[in-house]
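Comments concern the structure below.
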Amino acid sequence: MFLTISTSGAPDRPATDLGFLLHKHPGRAQSFPTSHGLAHVFYPEATEERCTAALLLEIDPIALVRRGRGKGRGGSPDFALAQYVNDRPYAASSLLAVALSTVFKSAMKGRCDKRPELAEAALPLVVSVPALPARAGQDGGADLVRRLFEPLGWQVEAEPVPLDPRFPEWGDSRYVGLTLTGTLRLADALSQLYILLPVLDDAKHYWVSPDEVDKLLRAGGVSRSDSDKGGGGRREGGWLGTHPELALITRRYLARRWSLARSAMEQLELARLAEADDREVEEIDNAVPEVETEAEAAEEKPTPLAVQRRSAIVEVLRAAGATRVVDLGCGEGSLVGALLKESRITEVLGVDVSSRALGIAARRLHLDRMSERQAARVRLVQGALTYTDARLTGYDAAVLSEVIEHVDPPRLPALEYAVFGSARPGTVVVTTPNVEYNVRWESLPAGHVRHADHRFEWDRAQFRAWAEQVAAGYGYTVGFAPVGPDDPEVGPPTQLATFTRTAVPAAQESAAQEAVTR
């Protein structure tokens, strides 16, 4: 990763004063270890007329994978190859933002002990980032880069980087070459880069915890705690609070964690009110008790869709009277855990093709610490759902929760036969995303599916047609139900189908199996 900051000199101020502000001597090249590699600071040019400081971040991909493992959202990619083959070594991201705050910590705080007047002076600056991720679409591309930086007073040049200059028909990549030109304090420029680089990349290499809210507000110049952290007190008119893309910046910087984004927006509103009344935030932040009641917390926070989905599945199984259930594509065991809480369910079999997911499920379910009686109710096994498996037969019910959309369409008939034709449980519950609802997700760019591994996402008519065809072919009846808010225009976010087995002639089963084989 590479970034340069340049300034031009004036008769009363040589350009090399940039070295005082950055606390890095223009005549020396310095290196600083970071948690993911080595950061180098050097000056390609340093004259009284023009001075350029360069930050080169060399990423250690092995360290990145090791530190990212097990971090959940915001960690390194889970796909084995993508852990090592990715854009992290060269594309500006949260890694570069962390290096900025580490290497230029004092400059970002606006401290310059030897020349304090420099820290408050607006300088002519040019910032260059050769490779900046900015995925094209409604919330991406060069247009988003301009929407983020132009309101801050920058002149923005964001040139899309072609996939391959030799083949222009391939189009542009998700990267732009960025040049920012403006006159502002160096501390403000660094703080803006610290926030907006991860926002444009729309990913973080570390787990986003609640203290990220304080980092966001502090770098945005609106934190009430600046004076406690050496930042010189709350600056009036912080750039973040008045930014027209405030909601998008907050959501992306906090990795779309709803509770943290809400907390940040609340604190920003308090800071705005305090500034309007010329009071301290603490003086007006006393209208509500610090501790919410359980009823208040439940009323304010919507139930996550994943929880609603599990509850709907359990309710269907309860109504069907199922006691032995197989969770096909059990993943990390969330539904298996919910099923084990149902006293009437005597056996749960979790099946997944990923041994890593099964290992996580075993740890989350605490299989090693279960009582002998409880452990006898659950098994986790590895298996592919597109092959018949004798271990799946004899169960009252099977669940395919958010599974079918991960299967390549040509492989769906094999999955259908393995579940409905071979295993033939009395009840099959299938849930899948409703693509029509995607327009209601603010964080989902237009034309994108909800997960990178989704091979398809069906609308309600497509799902109904598929389900009715499967039911007719394998001797089941099928009913449908919404999961989540049922929007009058686009339907629910999740669609659920319940298949109930009916008597079917053996000849029909043979014909169905023969069709799959052909």
Side-chain angles (χ1 to χ4, degrees), residues 73 77-79 82 135-141 174 202-203 251-252 255-256 258 302-313 316 327-332 334-335 351-354 357 384-386 398-420 428-471 473 476 478-499:
R73 282 184 68 182
D78 287 333
F79 302 101
R135 184 177 283 107
Q138 183 179 1
D139 277 336
R174 64 184 290 256
D202 201 16
R251 184 173 66 247
R252 285 194 173 197
R256 295 186 170 89
W258 178 86
T303 303
L305 181 59
V307 175
Q308 296 183 58
R309 189 161 49 236
R310 288 194 294 271
S311 299
I313 292 169
V316 170
D327 181 8
L328 301 170
C330 65
E332 298 177 0
S334 298
L335 179 60
V351 183
D352 203 281
V353 72
S354 168
L385 305 184
T386 52
V399 178
L400 289 158
S401 179
E402 309 302 286
V403 170
I404 60 172
E405 63 273 10
H406 293 271
V407 179
D408 289 315
R411 302 290 293 159
L412 273 179
L415 178 144
E416 294 161 11
Y417 177 72
V419 176
F420 296 92
V428 181
V429 184
V430 178
T431 72
T432 191
N434 168 24
V435 71
E436 297 170 81
Y437 194 87
N438 287 358
V439 297
R440 296 294 187 256
W441 300 113
E442 289 185 11
S443 59
L444 189 63
H448 286 240
V449 293
R450 297 185 198 178
H451 190 281
D453 190 52
H454 284 186
R455 274 31 178 192
F456 60 86
E457 286 180 0
W458 282 333
D459 60 28
R460 288 168 290 174
Q462 290 169 316
F463 181 56
R464 181 177 289 270
W466 172 82
E468 290 175 346
Q469 179 183 359
V470 169
Y476 283 78
V478 61
F480 302 91
V483 178
D486 196 357
D487 189 288
E489 295 181 2
V490 298
T494 296
Q495 40 195 345
L496 180 149
T498 303
F499 297 81

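For this chain, numbers begin at 1 and follow the sequence in order. Here the structure is a predicted model, which is why all the values come from computation and not from measurement.
Between the side chains of Thr494 and Arg309, at least one donor N or O lies within less than 3.5 Å of an accepting N or O. Side-chain polar atoms of Gln308 and Thr303 form no donor-acceptor pair below 3.5 angstrom.
From Glu468, atom CD reaches atom CZ of Phe463 across 10.5 Å, with rounding to the nearest 0.5 Å. The distance from atom CG of Leu496 to atom CG of Asn434, rounded to the nearest 0.5 Å, is 12.5 Å. His454 NE2 to Ile404 CD1: the interatomic distance, rounded to the nearest 0.5 Å, is 10.0 Å. The line from OH of Tyr417 to OG1 of Thr386 is 14.0 Å long, rounded to the nearest 0.5 Å. From Leu328, atom CG reaches atom CG of Asp352 across 10.0 Å, with rounding to the nearest 0.5 Å. Remark: His406 NE2 to Arg455 CZ distance equals 8.5 Å, nearest 0.5 Å.
Using cut-offs of 30° and 60° on the angle between ring planes, the pair Trp466 and Trp458 is tilted.
The two atoms that bring Tyr437 and Pro485 nearest to each other are OH-CG, 3.5 Å, heavy atoms only. The minimum heavy-atom distance linking Gly484 with Leu305 is given by the pair CA-CD1, 4.1 Å. Residues Val483 and Pro492 come closest through the heavy atom pair O-CB, 3.6 Å. Smallest separation of non-hydrogen atoms from Ser334 and Arg310: CB-NH1, 3.5 Å. In this structure, Pro410 and Pro413 approach most closely via the heavy-atom pair O-CD, 3.5 Å.
A heavy-atom distance below 4.5 Å is found between the side chains of Phe456 and Leu412. Side-chain contact between Leu400 and Leu385 is present, with at least one heavy-atom pair separated by less than 4.5 Å. At a threshold of 4.5 Å between non-hydrogen side-chain atoms, the residues Ser401 and Thr431 count as touching.
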Working for side-chain contact (heavy atoms from CB on, under 4.5 Å), residues Tyr476 and Val470: CA-CA 8 Å; Tyr476 283 78; Val470 169; over 6 Å; no
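With hydrogens and angles ignored, the 3.5 Å screen pairs a side-chain donor or acceptor of Asp459 with a backbone N or O of Ala461. Under the 3.5 Å distance criterion, the side-chain polar atoms of Glu402 are matched with a main-chain donor or acceptor of Thr432.
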